[in-house]
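Written below as structure tokens is the structure these notes are about.
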Amino acid sequence: MTPSDILLEAQNDASQIIADRRYLHSNPETGFELNKTRDYVKKALTSMGYEPVCCGKSGFTVLAGGKKPGKVFLIRADMDALPIQEESDVEFASQSGKMHACGHDMHTAMLLEAARLLKKHEDEIEGTVKLMFQPAEEIFEGSHDMIEAGLLKNPDVDAALMIHVMAGMPFSSGTAIVCDGGVSAPAADYFSIKIQGKGCHGSMPNAGIDPITVAAHIITSLQEIHARELALSDEAVLTIGSIHAGNAGNVIPDSAELCGTIRTYDEDVRNLMKERMTDIATSIAQAFRAKAEVTFGSGCPTLINDSALSDCTVKYIRELTGPQSAFTAGQLSAMAAQGSKKAPKTAGSEDFAYVSHEVPSIMIALASGSPEKGYCYPQHHPKVKFDEAALPVGSAIYAYTAIRWLSEHK
């Protein structure tokens, strides 16, 4: 097998990869409720000769290789969509009020093709490739759920890789940006702050305790954490995304609720922000004779990339698609200093982070449509589109990287 064999086979299967992607795109599902998606993917895998094994609430895995002794390399695709009404002009757009606005349909279609490629070359695999089909990435719960259900065991995983397609990048579709060693995606935490006041008539505020006033002071004061309690080098974002209180203009409501997220690149900063958010919210509420309860819901840690795996991955992709087809983030920074193009930095979190805290892992961003080609909307936008020309390349990267890594790490 040569790198060109894998890439050519993927390119020859382009119509099937696109068909898979378009079915998934037209039938998006969210969270753990992925009935149509799971049925479609499992049926395709079974037809290839695989035996899907359930893992967690609605994830599953299949194994390729295993005929020769060796290590285990995991490759992952997330399958869930977002609760967004699609506004793109593609002919296969979703009509359900849900949308694959983050490209997970692309990921799943690429991993299905990787499964086909691995099956064709199964006798050559020196070890085992574990394919991870994951639910609930958008709510940061699917990866952790699968790990708790034994994802990284039986057989034990030695290294792992994920690909994320990116629209709006100033690179040719199929160009791979491989993360350097270290943190590439921030930790994320959803939170809610429930404020209990005392409702009353709007004309008699002295008879109640206004939770809206308390909420306003809390919102303003929380931003002081970033402004006055974090160092210049501490990167963090705290966002209040929703406020709910009251139903009438002449009534002071009994309670109010704030909901939002925090993003941090350092676990110590993450813990500090949680601690200070709780202190500030509860103290302000008490000062106004109210009560506040801060609750942190689903989230994920920072995504950590393995330096050695990063070096290997760049080498493998260049073998596969050419010397100008893959860069590390560090190389792009050096290019930017010389006036070349630079990939935009993203603060998006990724629940593959849970895997990265257990085994050496790597994250790859795959350019899937440049602004010059009309792909100008970002992930999570109702009008975002992805260039399907990236699909065969991503499929080949999944399969070839796994095979090469196993060969070099017998």
Side-chain angles (χ1 to χ4, degrees), residues 3 6-7 10-11 13-14 17-18 20-21 24-25 74-79 100-115 117 131-134 137 160-180 184-185 303 305 309-310 312-332 341-346 348 350 352 356 361-380 384-402 404-405:
I6 289 285
L7 184 58
Q11 290 170 338
D13 288 342
I17 311 172
I18 291 172
D20 289 336
R21 184 261 167 151
L24 295 167
H25 190 90
L74 182 144
I75 50 179
R76 172 271 215 166
D78 35 13
M79 303 184 290
H100 273 293
C102 201
H104 295 186
D105 55 330
M106 300 276 283
H107 303 165
T108 303
M110 291 190 301
L111 197 60
L112 275 177
E113 173 61 16
L117 298 172
L131 287 75
M132 172 188 180
F133 291 89
Q134 179 203 315
E137 191 282 326
L161 173 149
M162 64 156 285
I163 295 175
H164 206 303
V165 295
M166 298 294 291
M169 293 184 75
F171 298 96
S172 299
S173 291
T175 302
I177 313 301
V178 181
C179 292
D180 296 293
S184 66
L303 196 155
N305 295 275
L309 186 52
S310 174
C312 289
T313 302
V314 172
K315 179 177 70 173
Y316 302 154
I317 297 174
R318 288 176 176 169
E319 290 173 358
L320 182 71
T321 56
Q324 297 302 312
S325 63
F327 305 91
T328 65
Q331 290 167 339
L332 287 180
K341 296 176 181 178
K342 181 180 180 183
K345 185 175 181 180
T346 176
E350 167 58 66
F352 185 75
S356 78
S361 301
I362 193 68
M363 177 181 180
I364 300 170
L366 187 68
S368 304
S370 66
E372 293 81 5
K373 298 291 186 179
Y375 298 90
C376 51
Y377 292 99
Q379 252 85 339
H380 290 216
V384 67
K385 295 187 289 186
F386 299 91
D387 187 358
E388 293 176 332
L391 290 170
V393 180
S395 301
I397 289 173
Y398 270 135
Y400 184 72
T401 302
R404 281 286 281 118
W405 187 89

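This is a predicted model, so every value here is computed, not measured.
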When rounded to the nearest 0.5 angstrom, what distance separates [atom1] in [X] from [atom2] in [Y]?
X      : Y      : atom1 : atom2 : value
Ile75  : Leu131 : CD1   : CG    : 4.0 Å
Gln324 : Thr175 : CD    : OG1   : 9.5 Å
Asp105 : Phe386 : CG    : CZ    : 7.0 Å
Asp78  : His100 : CG    : NE2   : 9.5 Å
Asp13  : Glu113 : CG    : CD    : 4.0 Å
Asp20  : Ile17  : CG    : CD1   : 8.0 Å

If you compare all heavy atoms of [X] against all heavy atoms of [Y], which two are closest, and at what distance to 0.1 Å?
X      : Y      : value
Ser325 : Ile317 : OG-O, 3.7 Å
His164 : Cys102 : CE1-O, 3.1 Å
Trp405 : Tyr316 : CA-OH, 3.5 Å
Ser361 : Phe352 : CB-CE2, 3.8 Å

Query raised in the report: Are the side chain of Ser173 and the backbone N or O of Gly369 linked by a donor-acceptor pair below 3.5 Å?
Result: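 Here the side-chain-to-backbone pair exists.
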Requested in this report: List for me each residue that meets salt bridge (charged side-chain N to carboxylate O under 4.0 Å, His left out) alongside Arg318, sequence neighbours excluded, and say none if there are none.
Outcome: none
Would you indicate whether the side-chain heavy atoms of [Y] and [X] approach each other to under 4.5 Å?
X      : Y      : answer
Ser184 : Asn305 : yes
Gln11  : Leu7   : yes
Met166 : Tyr375 : no
His104 : His25  : no

**Report entry** Check against side-chain contact (heavy atoms from CB on, under 4.5 Å), Ile163 and Met106
**Finding:** CA-CA 10 Å; Ile163 295 175; Met106 300 276 283; over 6 Å; no
List the atom pairs, donor and acceptor, that lie under 3.5 Å between side-chain atoms in residues 388-402 and the rest of the protein, sequence neighbours left out.
{"from": "Glu388", "atom 1": "OE1", "to": "Arg22", "atom 2": "NE", "distance (Å)": "3.4"}
{"from": "Glu388", "atom 1": "OE1", "to": "Arg22", "atom 2": "NH2", "distance (Å)": "2.9"}
{"from": "Glu388", "atom 1": "OE2", "to": "Arg21", "atom 2": "NH1", "distance (Å)": "3.0"}
{"from": "Glu388", "atom 1": "OE2", "to": "Arg22", "atom 2": "NE", "distance (Å)": "3.1"}
{"from": "Ser395", "atom 1": "OG", "to": "Met110", "atom 2": "O", "distance (Å)": "3.3"}
{"from": "Ser395", "atom 1": "OG", "to": "Leu391", "atom 2": "O", "distance (Å)": "2.9"}
{"from": "Tyr398", "atom 1": "OH", "to": "Arg76", "atom 2": "O", "distance (Å)": "2.8"}
{"from": "Tyr400", "atom 1": "OH", "to": "Glu319", "atom 2": "OE1", "distance (Å)": "2.7"}
{"from": "Tyr400", "atom 1": "OH", "to": "Arg404", "atom 2": "NE", "distance (Å)": "3.2"}
{"from": "Thr401", "atom 1": "OG1", "to": "Ile397", "atom 2": "O", "distance (Å)": "2.7"}

Query raised in the report: After noting the C-alpha distance and the side-chain angles of Thr328 and Asp180, does the key distance pass the side-chain hydrogen bond (donor to acceptor under 3.5 Å, both in side chains) rule?
Result: CA-CA 6 Å; Thr328 65; Asp180 296 293; 3.3 Å; yes
